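For clarity, every value in this text was computed on a predicted model and none was experimentally measured. Per chain, numbering begins at 1; letters A, B, ... match sequence-line order.
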Amino acid sequence: MAALTGLQALYPPDRCLVGAAPLKSFESDGLTAFKAKPRAVVLPETADEVIATVRWCAEHQVPFVARGSGTSLSGGSLPVADGIVIGLNRLNRIIEIDPDDRIAVVEPGVVNAHVSAAAAPHGLYYAPDPSSQVICTIGGNVAFNSGGAHCLKYGMTSNHVLGVKAVLATGEVVTFGGRSRDELGPDGTGLFCGSEGLFGVALEITLNLLPPPEAFHTVLAGYHSLEAAGEAVAAIIDSGLLPGALEIMDALTIEAAEAAVQCNYPKGAAAVLIVELEGSRERLEHERPQLTNLLKKTQPFETHIAQNTAERLNIWRGRKSAFSAVGRLSPDFIVQDGVVPRTRLGEALRRIDEMSRETGIRVANVFHAGDGNLHPLILYNGSEPGALERAESLAARILRLCLELGGSITGEHGVGMEKREFLPEMFDEATMAHFQEIRRAFDPALIANPGKMFPGSEAPALGHQGVHPLEQKGVISRE
Amino acid sequence: MNEPTSLREISDCITDHRRVAVAGARTKPRLSRASADATLMSLAKYTGITDYQASEFTIVVRAGTPMAEVIATLAERGQYLPFDPLWVKRGATVGGTIAANASGPGRIRFGGIRDFIIGATVIDGRGQSLRSGGKVVKNAAGFDTPKFMVGTLGRWGAIAEATFKVFPRPPYSASRIWQCADHEEARQRIAQVARSRWEPTAIEYLPKERQIWVRLSGPEKAANGLLEDVGGEPGPSEADWAAYNELTWADNPGSLIRVPLSLNIMPTLLAELESPDHRLRVGGAGSTLWINSADDCEIESVLRRHHLKGLNHRDNAAPLRWGVWRDQKVDRALQAVFDPDHRFTAFC
Ligand SMILES: Cc1cc2nc3c(=O)[nH]c(=O)nc-3n(C[C@H](O)[C@H](O)[C@H](O)COP(=O)(O)OP(=O)(O)OC[C@H]3O[C@@H](n4cnc5c(N)ncnc54)[C@H](O)[C@@H]3O)c2cc1C
């Protein structure tokens with residue numbers, strides 16, 4: 001392996017970290033079960049420094065991993081052992097907000113929530129809102145095509161990215177898309193989104209901004225069974241309404257949320273449903289009674305309608321606390337992320353429940369019901385021998401269930417390290433080979449985030465998993 | 001002309017011929033102009049809606065299916081593709097619409113074709129059938145090649161089948177016309193309406209008339225209530241919009257060039273292009289400039305000056321590509337992945 005001298009020459013010593021101690025905090029990402037020791041971590045402050053770093057890696061065939069805030073839940077930003085980590089948090093400038101073109105041009109280290117904050121004075125916002133949004137970066141969002149609670153109506157990150165400037169693993173600097181919402185030729189921007197850091201490093205990203213909805217109508221409904229809550233979702237979808245969010249939590253999750261944040265959800269509910277309509281006042285005036293009538297027929301035993309912003313936020317507080325709250329029920333847990341066709345949600349949940357009973361492993365369910373995106377939380381105690389392996393094998397069965405029902409192995413957390421063995425179960429051989437060839441077009445030497453997304457490479461040692469360190473500190477919460 | 005009716009036949013047709021030009025109903029003739037040595041492969045007979053799950057908001061359709069059929073099928077269940085596909089009445093197919101990225105005015109609300117295509121089966125230059133994306137509305141597994149195929153103009157592979165996300169169709173739409181003094185005022189008002197609380201579903205600009213067409217959609221009472229706020233004159237009817245989406249305004253001899261645009265440069269560009277010889281439209285709240293002209297001599301220099309690119313959809317005598325196109329190594333490397341034997345270079 002090449003000496004680091006050339007790389008070290010690009011940075012002052014405090015921005016090119018080597019040695020065990022300073023590298024410690026970069027050994028993992030949000031999937032704390034995996035750890036790997038990088039050779040060095042560089043902290044560029046300009047795009048030129050990133051380009052020079054990638055070119056150094058290309059020249060010396062040294063693998064590198066781009067890293068935003070390291071909140072990936074699938075091991076996407078896990079270092080490659082002995083490779084370089086390019087930490088992008090300091091590339092955090094919002095280069096431009098153009099209120100008339102309704103775009104933001106940002107560096108990759110800009111935190112998701114900062115875009116909306118900067119756009120707000122212009123009456124605009126950035127729609128994708130992963131629940132890690134106060135900490136995760138736009139670069140990470142682009143690489144993982146991240147989602148959130150509003151995907152049915154607004155789509156994922158890629159639906160809000162107009163252009164990407166990037167340095168590819170070859171050292172070539174390229175631009176896909178741009179300021180226009182129209183494009184001629186292949187959609188390179190669309191391909192780059194969701195490429196999980198395997199193509200290169202995004203340097204500058206052009207985002208689409210929207211005017212925020214004028215008003216919200218948020219309803220919380222308690223049901224005696226998960227199935228009834230699921231049927232309510234079906235009724236809403238079939239009615240022609242297009243809610244901004246449709247979320248379900250099961251009894252175990254409610255119990256945890258209640259203990260954590262006292263959200264006052266309906267007592268004794270087997271499931272709660274959160275429905276949020278949004279739009280102009282005029283639209284809501286019309287849709288509100290429509291939803292009320294519809295929900296009545298689904299026989300919730302209790303319904304709350306948020307009367308003001310405080311009540312609305314309180315309803316969301318329970319939901320947003322769910323992941324970290326479940327963390328209190330158990331020393332460790334795995335957050336699974338899979339998708340089933342929405343009409344098969346009931347069946348999926350019943351079978352997950354059966355698996356849970358059969359294995360004696362507790363599973364809490366919280367999910368984006370509108371788009372069939374499940375987030376089963378699999379609880380275990382990492383200090384019990386074999387517990388992690390048993391939890392992982394249950395997690396794997398849930399993914400296979402998603403595939404069997406015609407869904408996907410990931411709705412928003414990406415394949416990363418965690419699910420690479422499952423990708424070939426979703427795509428046939430020719431398509432898998434095609435994906436590999438596409439990757440090689442961007443990275444013939446396979447130095448950009450190798451070992452992720454595609455099966456086969458050595459997995460680093462397993463540790464334990466549970467609440468992200470930032471969750472412990474209360475900085476972020478999960479959806 | 002070859003007209004395969006199965007995936008197998010599409011694949012065979014590609015591997016049996018040295019150079020293949022893929023086409024649909026050829027409603028955008030310049031995009032499928034083939035060289036003399038090419039075999040024309042029309043997918044117009046590879047048709048059918050293979051799966052429609054209204055409750056899932058998904059539909060799977062074969063490439064040759066007329067867009068009109070898809071729209072009618074969705075309408076029966078109160079659903080639609082919100083991006084107003086173009087040239088539907090003239091017979092545009094699903095494959096051609098994706099390959100040409102032919103989204104109309106409606107794209108301003110929830111996005112264009114790229115935002116609604118969630119899965120695809122593509123036959124590459126080696127005749128391999130590749131299935132990527134998913135059949136569910138949310139999916140983050142694998143590279144997003146379905147999206148990548150949008151705008152590939154048959155030059156990267158044959159799009160054989162596609163899965164779309166669909167939405168509930170608003171029960172009612174109504175429009176207004178704003179008369180502007182000049183292009184700068186139009187720019188300001190387009191920016192204003194695009195940022196408004198009204199949730200417009202179309203914002204189109206007719207430069208010669210100095211008119212902005214604004215459409216709102218939703219429950220009838222709500223839309224009408226908002227329209228009072230919007231002001232302006234009672235606007236284009238459903239029939240006007242239907243004609244607009246066929247681009248009937250451009251039914252004149254000459255080229256029909258599409259230029260991706262951003263709103264802020266619109267006034268300058270329009271000023272430079274203003275001439276009785278050019279018929280112009282600005283679509284998607286300043287996103288697309290359409291130029292219809294038989295006298296195109298200064299268009300090229302205007303586009304170059306502004307570093308813009310254009311694509312000619314009609315007039316087989318004029319060039320296909322206009323203005324400044326990027327040439328990146330990676331694009332060539334990618335093209336070699338999709339089409340290693342250069343079979344799809346049969347277009348000229
Ligand atoms: C508590 C919690 C809640 C979460 N909630 C959600 C949620 O609701 N929805 C959701 O979708 N995800 C969620 N996530 C997952 C995670 O936050 C997202 O995947 C996020 O996009 C990662 O951003 P990051 O900046 O932390 O990226 P990192 O974890 O640092 O990196 C993620 C991937 O992106 C690559 N990458 C980073 N920057 C660049 C760049 N500039 N160019 C190219 N590649 C790059 C990395 O190599 C890596 O593969 C959650 C995570 C946590 C811990």
Side-chain angles (χ1 to χ4, degrees), chain A residues 100-102 123-124 145 147 151-152 155 158-159 168 172 174-175 179-187 190-191 193-195 211 214 234 237-238 240 242 279-280 282-283 286 339 341-343 371-373 406-412 414-415 423 426-428 430-431 434-435 437-438 441-442, chain B residues 53 55-57 78 101 111 114-115 124 128-132 134-145 147-152 156 167-168 187 191 194-199 218-219 221-222 225-226 258 260-264 284 287-288 309 311 326 328-331 333-334 336-337:
Chain A
D100 287 351
D101 275 347
R102 288 160 288 119
L124 294 166
N145 194 12
C151 294
L152 179 65
S158 67
N159 303 106
L168 304 181
E172 185 188 6
V174 298
T175 309
R179 299 172 77 93
S180 179
R181 285 173 181 74
D182 194 10
E183 170 66 322
L184 302 172
D187 193 334
L191 184 63
C193 290
S195 59
E214 182 186 16
I237 292 284
D238 288 336
L242 184 59
S280 63
E282 288 84 344
R283 172 186 291 276
H286 180 88
V339 186
R342 210 190 33 70
T343 49
D371 45 33
N373 189 184
S408 168
I409 56 170
T410 170
E412 53 183 21
V415 177
L423 202 64
M426 186 159 163
F427 300 105
D428 62 25
T431 306
H434 180 67
F435 284 164
E437 284 180 39
I438 288 176
F442 286 91
Chain B
Q53 302 286 339
S55 296
E56 297 291 348
F57 285 0
N101 186 11
R114 74 181 297 273
D115 301 295
D124 73 3
Q128 296 191 98
S129 164
L130 308 166
R131 282 167 205 273
S132 52
K135 271 198 183 179
V136 279
V137 292
K138 195 172 184 184
N139 167 39
F143 296 137
D144 199 344
T145 43
K147 217 177 239 97
F148 184 71
M149 293 310 289
V150 173
T152 45
W156 294 68
F167 269 172
R187 185 195 69 80
R195 271 200 310 263
S196 70
R197 68 180 192 93
W198 301 323
E199 305 175 325
K221 259 173 115 179
L226 288 170
R258 170 172 152 207
L261 197 70
S262 56
L263 180 62
N264 283 340
S287 305
T288 306
K309 59 183 169 183
L311 189 74
R326 278 178 203 132
Q328 305 183 143
K329 263 206 218 139
V330 70
D331 294 328
L334 276 169
V337 169

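Chosen from A:Ile438, A:Leu168, A:Asp100, the residue pairing most often with chain B at heavy-atom distances under 4.5 Å is A:Asp100. Interface remark: of the candidates B:Asp124, B:Thr288, B:Thr152, B:Thr288 forms the most heavy-atom pairs closer than 4.5 Å to chain A. Heavy-atom pairs under 4.5 Å with chain A peak, among B:Gly111, B:Gly142, B:Gly284, at B:Gly142. Across B:Ala191, B:Ala141, B:Ala336, B:Gly134, the residue that shares the most heavy-atom pairs under 4.5 angstrom with chain A is B:Ala141. Comparing A:Ile237, A:Thr175, A:Ile409 by heavy-atom pairs within less than 4.5 Å of chain B, the highest count is held by A:Thr175. Note on A:Asn145, A:Val415, A:Val174: by heavy-atom pairs under 4.5 Å with chain B, the leading option is A:Val174. For the set A:Gly240, A:Gly185, A:Gly194, the entry with the most heavy-atom pairs within less than 4.5 Å of chain B is A:Gly185. Counting heavy-atom pairs closer than 4.5 Å to chain A, the top residue among B:Asp331, B:Leu263, B:Val330 is B:Val330. For the set A:Pro186, A:Ala441, A:Ser408, the count of heavy-atom pairs under 4.5 angstrom toward chain B peaks at A:Pro186. Heavy-atom pairs under 4.5 Å with chain A were tallied for B:Ser287, B:Gly78, B:Pro168, B:Ala222; the largest tally goes to B:Ser287. Between chain A and the residues B:Gly225, B:Ala333, B:Pro219, B:Ser196, the largest count of heavy-atom pairs under 4.5 Å involves B:Pro219.
At a 4.5 Å heavy-atom cutoff, the contact between A:Leu423 and chain B is made by side-chain atoms alone. In this structure, the portion of A:Val339 lying under 4.5 Å from any heavy atom of chain B is its side chain and not its backbone. Only the side chain of A:Asp238 has a heavy atom closer than 4.5 Å to any heavy atom of chain B. Using a 4.5 Å cut-off between heavy atoms, A:Glu172 contacts chain B through its side chain alone, with no backbone atom that close. Only the side chain of B:Val137 comes within contact range of chain A, judged by heavy atoms closer than 4.5 Å. At a 4.5 Å heavy-atom cutoff, the contact between A:Ala430 and chain B is made by backbone and side-chain atoms alike. Contact of B:Arg258 with chain A is made through backbone and side chain together, with heavy-atom distances under 4.5 Å. Only the side chain of A:Leu124 has a heavy atom closer than 4.5 Å to any heavy atom of chain B. The parts of B:Arg195 that come within reach of chain A are both its backbone and its side chain, each placing non-hydrogen atoms under 4.5 angstrom from that chain. Contacts between B:Gln328 and chain A at a heavy-atom distance below 4.5 Å involve backbone atoms as well as side-chain atoms. Only the side chain of A:Glu214 comes within less than 4.5 Å of a heavy atom in chain B; its backbone stays farther off.
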Open item on the list: The test is salt bridge (Lys or Arg N to Asp or Glu O under 4.0 Å); show your working for B:Lys147 and A:Asp187 and say whether it passes.
Closed with: CA-CA 6 Å; B:Lys147 217 177 239 97; A:Asp187 193 334; over 6 Å; no
TODO: Any chance you could lay out the side-chain contact (heavy atoms from CB on, under 4.5 Å) test for B:Asn139 and A:Met426, step after step, and finish with the verdict?
DONE: CA-CA 11 Å; B:Asn139 167 39; A:Met426 186 159 163; 3.5 Å; yes
TODO: Tell me, with the steps shown, if B:Lys221 and A:Glu282 meet salt bridge (Lys or Arg N to Asp or Glu O under 4.0 Å).
DONE: CA-CA 8 Å; B:Lys221 259 173 115 179; A:Glu282 288 84 344; over 6 Å; no
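Inter-residue side-chain proximity for B:Trp198 and A:Pro211 is flagged as unmet; no heavy-atom pair is nearer than 4.5 Å. Within the 4.5 Å cutoff, no side-chain heavy atoms of A:Asn373 are placed close to those of B:Val136. Within the 4.5 Å cutoff, the side chain of B:Lys138 has no heavy atoms near those of the A:Thr410 side chain. For the pair A:Arg342/B:Ser55, a side-chain contact is recorded, criterion being any heavy-atom separation below 4.5 Å from C-beta on. In this structure the side chain of A:Leu184 never reaches within 4.5 angstrom of the side chain of B:Asn101, judged on heavy atoms. Side-chain contact between A:Leu152 and B:Phe57: present, with at least one pair of heavy atoms (C-beta onward) separated by less than 4.5 Å. Contact of the B:Thr145 side chain with the A:His434 side chain is registered, since non-hydrogen atoms from C-beta on lie closer than 4.5 Å. Looking at heavy atoms from C-beta onward, B:Leu334 lies in side-chain contact with A:Phe442 at the 4.5 angstrom threshold.
In the displayed structure, B:Lys135 atom NZ is contacted under 6.0 Å by at most 12 heavy atoms of other residues, nucleotides or ligands.
Between B:Leu226 and A:Ser280, the shortest heavy-atom contact is CD1-OG, 3.5 Å.
Rounded to the nearest 0.5 Å, atoms OG (B:Ser129) and CG (A:Asp428) are 7.0 Å apart. To the nearest 0.5 Å, atom CZ of residue B:Phe143 and atom CG of residue A:Leu191 are 7.0 Å apart.
A:Thr431 places a side-chain N or O within 3.5 Å of a backbone atom of B:Arg131 that can act as its donor or acceptor partner. At least one donor-acceptor pair closer than 3.5 Å links the side chain of B:Arg114 to the backbone N or O of A:Ser158. Looking at A:Ser180, its side chain never comes within 3.5 Å of a backbone N or O of B:Pro260 through a donor-acceptor pair.
With no hydrogens or angles considered, no side-chain donor-acceptor pair links B:Gln53 and A:Thr343 at under 3.5 Å.
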